[in-house]
2 protein chains.
Amino acid sequence: MAALEDQLIKINKQLLSKGYKLTSQREATVRILLEYEQDHLSAEEVFMLVRELHPDIGLATVYRTLELLAELHIVEKMNFGDGVARFDLRSDENAHMHHHLICTVCGRLKEIKEDWLGELEQRLAREYGFLVTDHRLEFTGTYASCQREGCKRASKAVS
Amino acid sequence: MAALEDQLIKINKQLLSKGYKLTSQREATVRILLEYEQDHLSAEEVFMLVRELHPDIGLATVYRTLELLAELHIVEKMNFGDGVARFDLRSDENAHMHHHLICTVCGRLKEIKEDWLGELEQRLAREYGFLVTDHRLEFTGTYASCQREGCKRASKAVS
DNA sequence: GTAGGTGCAAACAATTTGCATTCGG
DNA sequence: CCGAATGCAAATTGTTTGCACCTAC
């Protein structure tokens, strides 16, 4: 809910508190991640965008920063089957209720922010003695609308 | 439920019915996948194992076979964040009820075969107009037993 | 017979790493 | 100041592809 700048400050504090230095590159990267929170950017995409903000940044730095942020659980490193890692900001609200719908026809990727798994997690604790700290839920399928129209655009999932 | 050989025959039929030839390499690969159904082998691991059965097979063939099997939905191509694709046999029973628990302490990976998402999928169809053909559910966390003992073995997830 | 399958090696793409230089605290 | 962070390029790693040969049907 916090404004962009507030979130940025908060993340920066997290970095500092862990003993990491606050460089302009890191700030620029976080800024992009915040700005594009809805998208699931790949490292390369982040790189291209950060570059507009900080032209002399190197790709390796972006990789290093993203890895660092993932370590601190500020972003989540994800994989959607295409060979690239994608990164997702984990703001407090969507930390534990953040699922994905992937359409095999139009390739659209939608986020669902409802807490569907709380009950299941309790059950895991009870029945399996497993304490969940994180989860990932993805549904693959098609939208009724996509199926109706024969809209076979660039479908990459099904060859 | 079927015995290994029966499953093999069935898969072979699936291949044939789609017009794909049944070569000894493919059979060997499927055989390994059946034998190691519980593990989530990477392509390289499959390669090493198939090699024992069929020493002159090439890595590329294994990749091609795995991709083919994934296309036919005989195996599922998965990603657990480490940079390698892993492959999971989808026998009929576990096609739609096949989830994972990943322990960050001991690194264990457990499969849960219960259908927990049927209800959610109906809801997706109703509320989002999205028809699910597949899903993936992973829980990351720790076993109570792992937490109790300070058993910090090779934990790779948390650095 | 022939189209599809294979093995090998080369090509690729994403990510990592070594190292000299720079910079934040 | 000093160690951590960066940029660059080279190295690695996982996966794909081109092509001549081979094999199942």
Side-chain angles (χ1 to χ4, degrees), chain A residues 9 11-30 32 40-51 53-72 74-75 77-87 156-157 159, chain B residues 8-9 11-30 32 40-51 53-72 74-75 77-87 156 159:
Chain A
I9 290 169
I11 291 175
N12 283 347
K13 274 187 188 161
Q14 282 183 68
L15 279 173
L16 284 174
S17 74
K18 299 277 181 175
Y20 293 108
K21 292 185 178 165
L22 180 50
T23 64
S24 58
Q25 291 89 329
R26 284 180 183 166
E27 182 174 324
T29 305
V30 170
I32 289 300
H40 300 76
L41 301 174
S42 68
E44 211 100 21
E45 286 165 347
V46 173
F47 173 57
M48 307 241 279
L49 290 165
V50 177
R51 224 182 200 176
L53 220 59
H54 197 298
D56 50 346
I57 196 172
L59 177 55
T61 300
V62 172
Y63 271 104
R64 281 188 279 233
T65 302
L66 289 172
E67 193 173 350
L68 176 63
L69 294 175
E71 233 168 71
L72 300 186
I74 293 170
V75 303
K77 192 176 182 178
M78 318 201 63
N79 257 296
F80 297 110
D82 57 344
V84 292
R86 298 188 170 277
F87 297 85
K156 34 191 163 180
S159 62
Chain B
L8 184 66
I9 290 169
I11 292 175
N12 283 348
K13 274 185 189 164
Q14 282 184 68
L15 279 173
L16 284 173
S17 74
K18 299 274 182 176
Y20 293 109
K21 290 183 183 170
L22 178 52
T23 64
S24 58
Q25 290 89 330
R26 285 181 182 165
E27 182 174 324
T29 305
V30 170
I32 289 298
H40 301 76
L41 302 172
S42 68
E44 212 101 19
E45 286 166 345
V46 172
F47 174 55
M48 307 243 278
L49 290 165
V50 176
R51 226 181 198 175
L53 220 60
H54 197 299
D56 50 345
I57 197 172
L59 177 57
T61 301
V62 171
Y63 271 103
R64 281 188 279 232
T65 301
L66 288 172
E67 192 174 349
L68 175 63
L69 292 175
E71 230 169 72
L72 299 187
I74 293 171
V75 303
K77 192 176 183 178
M78 317 201 63
N79 257 295
F80 296 108
D82 56 344
V84 292
R86 298 188 170 277
F87 297 84
K156 35 190 164 179
S159 60

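Within every chain, numbering begins at 1; the chains are lettered A, B, ... in the order of the sequence lines, protein sequences first and strands thereafter.
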> If only side-chain N and O atoms of B:Gln25 are considered, is one of them under 4.0 Å from the OP1 or OP2 phosphate oxygen of C:dG7?
Replying inline: yes

>> Is there a side-chain contact between B:Asn79 and A:Met78 in this structure, where contact means two heavy atoms from C-beta onward sitting under 4.5 Å apart?
In response: no

> How many angstroms lie between atom CD of A:Glu44 and atom CZ of A:Arg86, to the nearest 0.5 angstrom?
Replying inline: 10.5 Å

> Between atom CG of B:Asn12 and atom CG of B:Leu22, what is the distance when rounded to the nearest 0.5 Å?
Replying inline: 4.0 Å

> For A:Arg51 and D:dC8, what is the distance between atoms CZ and P respectively, to the nearest whole Å?
Replying inline: 9 Å

> Taking atom C1' of D:dA5 as reference, at what distance in whole Å does atom CZ of A:Arg26 sit?
Replying inline: 6 Å

> In B/S/- notation, 5' to 3', how is nucleotides 15-25 of chain C contacted by protein heavy atoms closer than 4.0 Å?
Replying inline: BBBB-----BS

>> How many whole angstroms separate atom CD of B:Glu45 from atom C1' of D:dG14?
In response: 13 Å

> To the nearest Å, how far apart are B:Asp56 CG and D:dT23 C1'?
Replying inline: 13 Å

>> What is the separation between atom CG on B:Leu68 and atom P on C:dG5, rounded to the nearest whole Å?
In response: 8 Å

> What integer distance in Å separates B:Leu15:CG from C:dG4:P?
Replying inline: 15 Å

>> Against A:Val50, only a single residue in A:Ile57, A:Thr65, A:Leu59, A:Thr61 fulfils side-chain contact (heavy atoms from CB on, under 4.5 Å); can you say which?
In response: A:Ile57

Show every donor-acceptor pair shorter than 3.5 Å between a side-chain atom in residues 23-30 of chain A and any protein atom, with sequence neighbours excluded, or say none if there are none.
from, atom 1, to, atom 2, distance (Å)
A:Thr23, OG1, A:Arg26, N, 3.2
A:Ser24, OG, A:His54, NE2, 3.0
A:Arg26, NH1, A:Lys21, O, 2.7
A:Glu27, OE2, A:Arg31, NH2, 2.9
A:Thr29, OG1, A:Gln25, O, 2.8

> Whole-Å distance between C:dA14 P and A:Leu66 CG?
Replying inline: 15 Å

> Can you check side chain to side chain contact (heavy atoms under 4.5 Å, CB included) on B:Phe87 and B:Leu69, steps first, answer last?
Replying inline: CA-CA 10 Å; B:Phe87 297 84; B:Leu69 292 175; over 6 Å; no

> Taking atom C1' of D:dA5 as reference, at what distance in whole Å does atom CD1 of A:Ile57 sit?
Replying inline: 11 Å

